[in-house]
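Below is one structure, written out as C-alpha cells; comments come after it.
Note: hydrogens, waters and symmetry copies are ignored here, and every other heavy atom, side chains too, is used.
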Amino acid sequence: MAKVRAHELRGKSKQELLNQLKELKGELSALRVAKVTGGAPNKLSKIKVVRKSIARVLTVYRQNQRTALKSKIEEDAKNKSGKAYFPLDMRAKKTRAIRRRLTKEQANKKTERQKKKQAAFPERKFALKA
C-alpha cells in the first residue's frame with residue numbers, strides 16, 4: 001500500500017477510516033512476520049511507512065471526533081442544555097503554572113484599604129517643561 005496522505009483521509013467517513021486502519025494493521029503484521037522469517041529488504045523498509053500511515057489515519061480519526069464533539073458542545077451551549085463544563089481534553093493545555101495563576105480580574109482587585117489610600121492620595125501629575 002502506498003503512503004497515505006492526510007488530506008485524502010479527511011474526506012473519508014468514520015467507517016472508511018476504520019476499514020483502512022484494519023487493512024494497514026493487517027499489512028503491518030504481515031511485514032513483521034516477513035521480518036522474522038528473513039524477508040526482502042524492501043519489505044523491511046516498508047514497515048516504517050505503514051506505521052506512519054497508521055498514525056495518520058488515527059490522527060485524522062481523532063480530529064474528526066474532536067470537531068464533532070466541539071460542534072455538539074457549542075450547540076448545547078447555545079441551547080443552554082447539556083454539560084456545564086468543557087471536557088478536560090478539549091481545553092487549552094498551556095502550562096500548569098498558567099492554568100493555576102489568578103485571572104486578570106482577580107489579580108487587579110484591590111482591598112478596601114488600598115481603595116481608600118488611593119482615593120486619599122491619588123498619583124501626582126507634574127507639568128513638564130519642554
The criterion is side chain to side chain contact (heavy atoms under 4.5 Å, CB included); which residues satisfy it with Lys52, sequence neighbours excluded? Lys48, Arg56
What pair of heavy atoms forms the shortest contact from Ser71 to Ala68, and how long is it? OG-O, 2.8 Å
Applying salt bridge (charged side-chain N to carboxylate O under 4.0 Å, His left out), name anything that partners Lys116, two or more places apart in sequence or on another chain. none
Do NZ/NE/NH1/NH2 and the carboxylate oxygens of Lys115 and Glu112 come within less than 4.0 Å? yes
Could you check if a side-chain atom of Pro87 sits within less than 4.5 angstrom of a side-chain atom of Ile73, using non-hydrogen atoms only? yes
Going by side chain to side chain contact (heavy atoms under 4.5 Å, CB included), name the residues that satisfy it together with Lys78, two or more places apart in sequence or in a different chain. none
Listed pairs under 3.5 Å, donor-acceptor, residues 32-41 side chains, sequence neighbours left out:
from  : atom 1 : to    : atom 2 : distance (Å)
Thr37 : OG1    : Val33 : O      : 3.0
Thr37 : OG1    : Ala34 : O      : 3.2

Kindly write out the residues that satisfy salt bridge (charged side-chain N to carboxylate O under 4.0 Å, His left out) with Arg62, not counting sequence neighbours, or none if the list is empty. Asp89
Interatomic distance, CD@Gln15 vs CG@Asn19, rounded to 0.5 Å, equals 5.0 Å
Report yes or no: do Ile54 and Leu44 belong to one cluster of Ile/Leu/Val/Met/Phe/Trp/Tyr joined by side chain heavy-atom distances under 4.5 Å? no
Restricting to pairs with a member in residues 91-107, which pass salt bridge (charged side-chain N to carboxylate O under 4.0 Å, His left out), not counting sequence neighbours? none
Closest heavy-atom contact between Leu31 and Ile47? CB-CG1, 3.7 Å
With rounding to the nearest 0.5 angstrom, report the CG to NZ distance, Leu18 to Lys12. 11.5 Å
Looking only at heavy atoms, which two atoms of Val50 and Leu24 are closest? And how far apart? CG1-O, 3.5 Å
